[in-house]
Amino acid sequence: MQFSRLLQRDFRRWRKGWQLNVCRIKSRRRCSVRPVAAFIQRQHALDHRRASTVSALADGMLSGTRLTSVAQDIWTAYVQEGDAVVDATAGNGGDTLWLARAVGPQGSVSAFDKEEKALDGTTARIRANIPIEKMPSMHFHHCCHSLMQDVVALHSASLICFNLGYLPSAEDKPQTATEQYTTLAAVAAALNVVNDRGLISIMAYTGHPGGQQEYEAVRQHLQALSPVKWTVSEHKYINRPTAPVLMCVAAKGAKSH
């Protein structure tokens, strides 16, 4: 009899504890509904924008639109307000400005250039075109973009863009061109910095000394990426021998490669 009462007491305690645990789980689930719903809504919006971009990309390429504009049309499908983005080649600041406007005051932009004058010009351009209340968090890195992984958080960026070749309007062009080996290291770093639904955009120019070799090296590197984890595409006008080539690397989930 005593043993029976002990069993009943232990069972009541166990059932009470189980019910409390269920209530806690339900409470946590209720608290997480809003963030999950917001995340799903955000992803649906991105998917819709990406579907629209496919049409815009086809229209742009068939109409002979400049590839720089085509690239920005593609970026629109990957970048939203509040995102973290990277301009791996700040140059004259044109792409950095586009990114800063796209992510807004809640976002962050990391811009790289090994030329101090390029970063000075980019900084001035951002300040002249974006009001302080709409300014994102800006991070200017006066170093080689191959060091990207050392200063930008892993798997954090929704977009990383490269504009290879010479610093625009540079007088000392031979000293301000991107280089094949550092570019390959930067692309390898970008594969670790981009998030699991992000994009790496690489604009390559082949008309200057070393440009063709740089493009071919990057292309060969991208060809070796797993199609399970990455979608790699190339866009170019084959009847314009001096036109740049746009290469896009879209992440498909897992980050190991």
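All heavy atoms count here, side chains included; hydrogens, waters and symmetry mates do not. We're numbering straight along the sequence, starting at 1. What you are looking at is a predicted structure, and each value in this text was computed from that prediction instead of being measured.
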Show, in sequence, the C-alpha distance, side-chain angles and deciding distance for Gln149 and Leu154, and conclude whether the side chain to side chain contact (heavy atoms under 4.5 Å, CB included) test is met.
CA-CA 7 Å; Gln149 192 173 332; Leu154 299 180; 3.5 Å; yes

In this structure, are over 12 heavy atoms from other groups packed under 6.0 Å from Gln212 atom CD?
yes

Determine whether a donor-acceptor pair (N or O, by modelled atom type, separation under 3.5 Å) exists between the side chain of Ser156 and the backbone of Val152.
no

Would you say that Arg219 contacts Met247 through its side chain, given a criterion of any heavy-atom pair below 4.5 Å between the two side chains?
yes

Note, Cys143 side chain near Phe112 side chain (heavy atom, < 4.5 Å)
yes

From Cys248 SG over to Leu222 CG, what is the distance, rounded to the nearest 0.5 angstrom?
10.0 Å

Around Gln220, counting heavy atoms of other residues, nucleotides and ligands shown, do more than 12 lie under 6.0 Å from its CD?
no

Tell me the closest heavy-atom pair linking Met138 and Ala100, and the distance in Å.
SD-CB, 4.2 Å

Quick check against the 3.5 Å criterion: does Asp83 have a side-chain atom that pairs as donor or acceptor with the backbone of Gln80?
yes

Thr123 side-chain N/O to Leu119 backbone N/O, donor-acceptor pair under 3.5 Å
yes

Atom pair CH2/CG of Trp75 and Leu159 - distance to nearest 0.5 Å:
6.0 Å

Quick one: does any side-chain atom of Arg197 pair with a main-chain N or O of Lys252 as donor and acceptor, under 3.5 Å?
no

For Ala189 and Ser146, which heavy atoms make the closest approach, and how far apart are they?
CB-O, 4.3 Å

For the residue pair Ile74 and Leu246, establish whether any side-chain heavy-atom pair is separated by less than 4.5 Å.
yes

Is there a donor in the side chain of Tyr215 and an acceptor in the side chain of Glu234, or the other way round, less than 3.5 Å apart?
yes

Please walk me through it: do Val249 and Thr231 pass side chain to side chain contact (heavy atoms under 4.5 Å, CB included)?
CA-CA 6 Å; Val249 185; Thr231 297; over 6 Å; no

When you compare the side chain of Thr68 with that of Met203, does any pair of heavy atoms fall below 4.5 Å?
yes

Closest approach of Val85 to Ala157 (non-hydrogen atoms, all atoms of both residues)
CA-CB, 4.4 Å

Treating Asp87 as the side-chain partner and Thr96 as the backbone partner, does any N or O pair qualify as donor plus acceptor under 3.5 Å?
yes

Mark yes or no for whether Thr178, through its side chain, and Leu164, through its backbone, hold a donor-acceptor pair below 3.5 Å.
no

Write down the atom of His145, the atom of Thr89, and the distance for their closest heavy-atom approach.
ND1-CG2, 3.6 Å

4.5 Å side-chain heavy-atom contact, Asp113 and Thr122:
no

Run the side chain to side chain contact (heavy atoms under 4.5 Å, CB included) check on Val245 and Tyr237 step by step: do they pass?
CA-CA 8 Å; Val245 181; Tyr237 297 115; over 6 Å; no

